[in-house]
Amino acid sequence: LSLRARVQVSGAAVIGVLVGAGLVLALEARAHRGTAEEPPASNQPNEPEVSAPPASRLDDRRLAALEAEMRELKQAKVHDSELAPAALPAPSPQSTLEQRNESVMAFHRKMEGEIASHRSEPRDERWATAKERTFSSQLAGVAAKITPSFSVVGVDCRTYTCVAELRWPNQEEAHASLRELLSSSVEIGCARRISLPDQPPAGDGYRASMLIDCSNSN
Amino acid sequence: MKISSAAKRAFLAGAAIGVIGASVQPALAWSRTVSNMTIVPHNGSTVNVMFPSDGATSGTPNGNATTQIYGDYYWGGAGGTFTMNLQACGICYNLACGSCGVPTNVSHTGTSGHSDDPVNLWTGSQSIWDYFWLTASLSSVSGSPTVYLMGFGVGGF
């Protein structure tokens, strides 16, 4: 190739790299902008649909809201300049607590669904019988070495999953033993999930189900 | 200006390289070695190693954004056989729920050696208020191996 042709080829290659990279970055930025502006999916199945206002009206409302917020911040700064180091609105402790509890409630609901799936799982008699015996013994061993302790009411196995019914004197002791129960039950060799929802006090103590999922175990 | 076919090919090749180069993601956005240098007891007692449960969902070390965990240990002493049990667990902030991934159980024989085993991920409630920890314990011990846990390597996005 002549010098001119070489320069042309090199230049084309460099431009190509820049164009390709720019295209990808532009597409990523566009996709990111699109997801960032999407409203979160609603979990309410019967929530009434609300039509979105036109963009200009939306912009006007946002602008008005921002101006109002600025005025409030200025006033707060004038009144509390000595006391408040930053006059920005703090997240509400109440809303934070609600979000925390919602995530726990979501876990409880998920566990209920998983236990319902377990109940409908067909029973592999040979596997289930062997695992019920093994897991009952292993959980009894865990109960003997951790404090607060618990008792094993029963273990029900099917084909890939088991549910162990455990009992504590009360809910507080169940909460107190949860971490050690999970740490010390490694010998089971399967994934374990447990939910300890609020329950009205019962005469025979506090009961909860541990799901033992062996579907991904060897 | 006339553009040669070689220049066109160079442009297309360059564009392809640019697309691939810009699309490749880094292997991990963050990683942390959580040190906990201790001898793992023979009696089945568990060594618990806490992992920081920072609030962010990506970009900084936190349980929900974790994609890889490795347990790092070595053994020496008089030798023997043992099974190392490693697992990763998550628990809700108010102790009302918790879970552990499938444990990793690896058997070893000999007077000395080193291992760095992958550990299945924890699954908490997926909320940013979960707490996470890792455990190491021994089972099926014979002889007198001394097993030193170094810690866990954790990484994610």
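Every chain is numbered from 1, with letters handed out A, B, ... down the list of sequences.
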From [atom1] ([X]) to [atom2] ([Y]), nearest 0.5 Å:
X       : Y       : atom1 : atom2 : answer
H175(A) : N94(B)  : NE2   : CG    : 6.5 Å
L178(A) : I91(B)  : CG    : CD1   : 4.0 Å
M111(A) : C97(B)  : CE    : SG    : 9.0 Å
L97(A)  : W129(B) : CG    : CH2   : 9.0 Å

What is the minimum heavy-atom distance between [X] and [Y], and which atoms define it?
X       : Y       : value
V104(A) : C92(B)  : CG2-CB, 4.0 Å
G101(B) : R192(A) : O-NH2, 3.8 Å
S183(A) : N48(B)  : OG-OD1, 3.1 Å
A191(A) : P103(B) : N-CD, 4.5 Å
V102(B) : S217(A) : CG1-OG, 3.5 Å

Residues, nucleotides or ligands: over 12 heavy atoms within 6.0 Å of Y206(A) OH: yes
Heavy atoms of other groups near F132(B) CZ, more than 12 under 6.0 Å: yes
Heavy-atom pair count under 4.5 Å with chain B, highest-scoring of E187(A), K110(A), H108(A): H108(A)
R179(A) vs W133(B), side-chain contact (heavy atoms from CB on, under 4.5 Å): CA-CA, chis, key distance, verdict: CA-CA 10 Å; R179(A) 190 179 151 218; W133(B) 78 103; 3.5 Å; yes
Which portion of [X] sits near chain B, non-hydrogen atoms under 4.5 angstrom:
X       : value
K145(A) : side chain
N101(A) : both
Q171(A) : neither

Contact origin within S139(B) toward chain A - heavy atom pairs under 4.5 Å: neither
S185(A) backbone acceptor or donor facing Q87(B) side chain under 3.5 Å: no
